[in-house]
Structure formats: structure tokens, C-alpha cells
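Working notes for the structure below.
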Amino acid sequence: MKRIHSTDAVNLEDGEKCKLAGWLQEVKNLGGIAFLKVRDREDVFQVVLVKKETGEDEFEDIVNIPRESVIEIEGKKTDTDQTDLGYEVHPISIKVVCEAEKPLPLGVVDKVDAELPTRLDNRFLDLRKKDKRNIFELRNLLIEGMRDFFSQEGFLEVSTPKVVAAGAEGGATLFDVDYYEEKAHLAQSPQLFKQILMSAGFERVYEIAPAYRAEDFDTIRHTSEFISVDFEMSFIDGSEDIMDMTSYMVSHTLSHVKEHGNKQLEELDVELEVPEHPIKKITHRGCIEILQDLGKEWEDRPEIDTEAEKMLGDYVKENHDTDFFYITEFPTRLKESTFYAMRKEYDPSLTTYFDLEYKGQELVSGGQREHRYDVLIKQMDEIGLEEEDFEDYLKAFKYGMPTHGGIGLGLDRFVQQMLDLSNIREAILFPRDTSRLRP
Ligand code: AMO
């Protein structure tokens, strides 16, 4: 007989035979009768064990199976209004597929969560909890919604190397790799490759892949490995085109999650905002003014730090009733690592770069790129980058490069913010950070 899920058994006739399997979550032994709660991917079903039917020895064997063992039950589905699924199973046979050791390093049905490090050390058990799996089902929908959007808009999904010779986002956060006789790095971003593909004439590309940053401190919104969603598009008239595409992408993606993840969202008690067009834009200068009005004190070199971002997020929520807004026109000096940023024609102290903020935290950063070879070289010189280190990249600009731009979006952060998770690690199956390399 083929094994079916607990939710499929709902549709069987009363008394029909079935085979179900899962993890033994709980045993309630009342002496002559015992109730087993067994969990599969879809739900928790109940098995009723009657001593008179099984015999004393078998009854004892079964009620003593350790919790979280995997068991397989063949039996009769019997309708009842005593369980949530509307049936229980009267077993003909119960097989232990794999017995769990005792004690468990982490409780699966405990009401209160253990500390995050303990949970991450035992992630396979942690993920058996429904609320944890909901996060990854919604993450899956987020990715599905993005792919759906990109494909509708004529973007090609690409895969670029993760072992690279040159970094794109500044030397400080590069991981080194021994690569045969050479020194290589883990890619911080697909930035340089997605730009090269614009010269190749692909026009619209996107990638969803890991990016690596040797962040030297632990925060609730940074990890050393994260999934970067990047797109790049050509023949644009300015960074407005990139912001529009980003807004449509975020809206489409969130409505996809809302439409298909209703059950999980309800279980996690989350309400999603799908942002309307156009998403509010505030210049970097305008943000500083708002922050000054709000009483934030500045040092000599005003950067919008984590605290300021939060203040701005609250301000926008209060005054404009939305979780989303763009910070535009980042000053050139604040984007010095992004040598590839195009500057504003009317004021080269400003870039065409923007961030998209979501619930008071940066989610996206992007803008229009400098596509003119000579200007690009000048910008690299200004911050002391060596041309020969970027030879392969620069070559693509010499033989016909269209105007272009794009963004990078942190997928894990998107999940974190969307579901109001207290730590980005909750949104990652097996996070990597300054103190975690396993499991
Ligand atoms: P940036 O460095 O701002 O831009 O990164 C883009 C987005 O990636 C996410 N992010 C991170 N998430 C988790 N842990 C980290 N350590 C981490 N670092 C970044 C953030 C951020 O907004 N090449 C440009 C993008 C572009 O211009 O196309 C870039 O990588 O959500």
C-alpha cells in the first residue's frame, strides 16, 4: 500500500484502509487504551491503540517507543469529531522505521523555545516545529514570486562564479580562498559579472545566489553568507527605471506570498503590506533634515546608521502609513566603495544610488552604473583602485556598453522583515556568521 499524508486521509471513506507515517510526537497512555499523536509534513493525526485488540506485550512495546521516532501505521481510517482532522486511525500494524535516541537534545513540542544557538546546533529538530517550517515555506513562495516576476518581464536567470579574482564591494569584507597557485576570493556580489552581461547584450538578467561578506561583528541583520537577489537591465533612462522595476518586483512578490501563503501567514500572525505605486522617495539630504527635526544629533559625517534608519522607518509609517520608502541621491562620498555608481550630472557630489527601506531596515541597494569607460577609470583612480585588478571587467566597457543599472536585495533580510523575525538567522536554514561554521 502506498503511504499517504494525514491531510489526504481526510478524503477516505469511513473504515477504509490506509498507510500513514511520520514522527511520534506524543503518547497518552490511559491503561487499556492509548492515543498516539503522529506528525507528518502536513499535520498531526491520531492513532488509537486498544490493549484488548493488540495484546498486552505489543501494547507496551508501542507506548514505549521513544518520542520523535519515525513510525509507519497501516490501519483503518475511522471518522470522529474528537480530532481536528475529523478522523483517527485504528492500527492493523505499526512499524518502527527508525527509533529516536533518548533524551532529545531539543524539545520539539515545548511551548517555550530554547536559546537560538542551541536551536541552530540541533536545527533538524528545531525545523520539525511547524512555526519554523512556515518560515521556509513562505521563503519558498517569496523566491517563486520573484522568479515569476522576472520571467514575465523578460529577465534571463544567470549563474555567475562565486570564486573570483576581484571584489566588488570593497576589500575589507573579502574572504580569501586558496585557488591552486593563485589567491582568490569568495564573491561579495555578482555585480561585476551582471554588468559584463550588459555588454554581452543580454539586456535583462537576474541571479538568486549566495554572496559572501567577512563582516567582522555579529548583528541581527548580517551574516557571512547570504542570498543575494540581483537584477541588471540595459538601455535605461535613469535610476527611476530601476526603482520602478524594483517596486513592481517587490509588490508582485509580496502579493504572490499573500495569495499562496495565507495559511502560514495566519499561523505566524503576520499581515503583509503589498506596497502601492509609486513607493515614496526621500532624498538622502531630505532624510537628514527629517532626522534633525526628530532630534537626532550628528557627528561631522552624517551617515544614516541603524538607529536613524529605524527612526526614518517609524516616521514614514506614522506619516504615510507604509513600511516602504526609498532613500535616493546618496552622496558620492558615502558610496565610495561603489566605484561603479553613476553620479548626478548636475551635481557630481551626488550619485544616482538609492536604498529601498522596509520596516526601518535597508533591503535593497542599487542605482544606475557608470557605463562610460573613461569616467569609470577616473572614479576608480579617485579611490585608489588599480586598473589591472579589474582588467576583465573594464574590457567589457571598451567595446560598446549600453546605459544600465540594477539592484541587490538581501533575500534573508526580506524574509526577516516580512515576518518580523527578531534575527536574520531565523530566516536561514544553516546560517554562517563569525562564530558559526556548522552544521
Ligand atoms: P549591498 O552591499 O548594499 O549592495 O547589498 C545589497 C543587499 O544585500 C543585503 N546584504 C546582506 N544581508 C545579510 N548579510 C549581509 N552581510 C549583507 N550584506 C548585504 C542587504 C543589502 O541591501 N552590488 C550591490 C548591489 C547593486 O548595486 O546592484 C550590493 O551588493 O539587504
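Both counts, for ligands and for their atoms, begin at 1 and track the order of listing.
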Short N/O distance, under 3.5 Å, between [X] and ligand 1?
X      : value
Tyr340 : yes
Phe226 : no
Gly410 : yes
His222 : no
Leu363 : yes

*Do NZ/NE/NH1/NH2 and the carboxylate oxygens of Arg436 and Asp218 come within less than 4.0 Å?*
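A salt bridge is absent here (no side-chain N lies under 4.0 Å from a carboxylate O).
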_Listed partners of Arg133 passing side chain to side chain contact (heavy atoms under 4.5 Å, CB included), at least two apart_ =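 Checked Arg133 against side chain to side chain contact (heavy atoms under 4.5 Å, CB included); matches are Arg41, Lys130, Glu137.
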Tell me whether ligand 1 is touched by [X] - counting only heavy atoms on the residue side and a distance under 4.0 Å.
X      : value
Arg369 : yes
Ile407 : yes
Arg221 : yes
Ile424 : yes

*Counting distance only, does the side-chain N/O of Thr253 pair as donor-acceptor with the main-chain N or O of Leu142 below 3.5 Å?*
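Side chain of Thr253 to backbone of Leu142, a donor-acceptor pair under 3.5 Å: no, none is there.
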*Thr352 side chain to Met342 backbone, donor-acceptor under 3.5 Å*: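 Pair found, side chain donor or acceptor close to backbone of Met342.
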*With respect to atom 26 (C) of ligand 1, which of Gln191, Gln188, Gln417 exhibits the smallest heavy-atom separation?*
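Among Gln191, Gln188, Gln417, the closest heavy atom to atom 26 (C) of ligand 1 belongs to Gln191.
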*Closest non-hydrogen atom pair between Ile227 and Arg139, with its separation*: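 What the structure gives for the nearest pair is CG1-NH2, 3.4 Å.
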*Where is the tightest heavy-atom contact between Glu426 and Arg123, given as atom of each residue plus distance?*
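Smallest heavy-atom distance, with atoms named: O-NH2, 3.7 Å.
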_Atom indices of ligand 1 within 4.0 angstrom of Gly366 heavy atoms, with elements_ =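 Within the 4.0 Å cut-off of Gly366, ligand 1 contributes 27 (O).
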*Atoms in ligand 1 flagged as close to Glu362, the criterion being non-hydrogen separation under 4.0 Å*: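 Ligand 1 atoms under the 4.0 Å threshold to Glu362: 3 (O), 21 (C), 22 (O), 31 (O).
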Ligand 1 versus [X], non-hydrogen atoms closer than 4.0 Å: side chain, backbone, both, neither?
X      : value
Tyr212 : neither
Ser189 : side chain
Val364 : backbone
Glu357 : neither

*Where does the angle between the aromatic ring planes of Phe354 and Tyr326 fall among parallel (under 30°), tilted (30 to 60°) and perpendicular (over 60°)?*
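If you compare the ring of Phe354 with that of Tyr326, the planes turn out perpendicular.
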*Would you call Ile220 and Ile424 a side-chain contact if the rule is heavy atoms closer than 4.5 Å?*
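No. Closest side-chain heavy atoms not under 4.5 Å.
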*Taking the side chain as every heavy atom from C-beta outward, state whether Met245 and Arg204 have any atom pair closer than 4.5 Å.*
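They are in side-chain contact.
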*Identify, with sequence neighbours excluded, every residue that meets salt bridge (Lys or Arg N to Asp or Glu O under 4.0 Å) alongside Glu382.*
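In terms of salt bridge (Lys or Arg N to Asp or Glu O under 4.0 Å), with neighbours along the sequence ignored, Glu382 is linked to Arg343.
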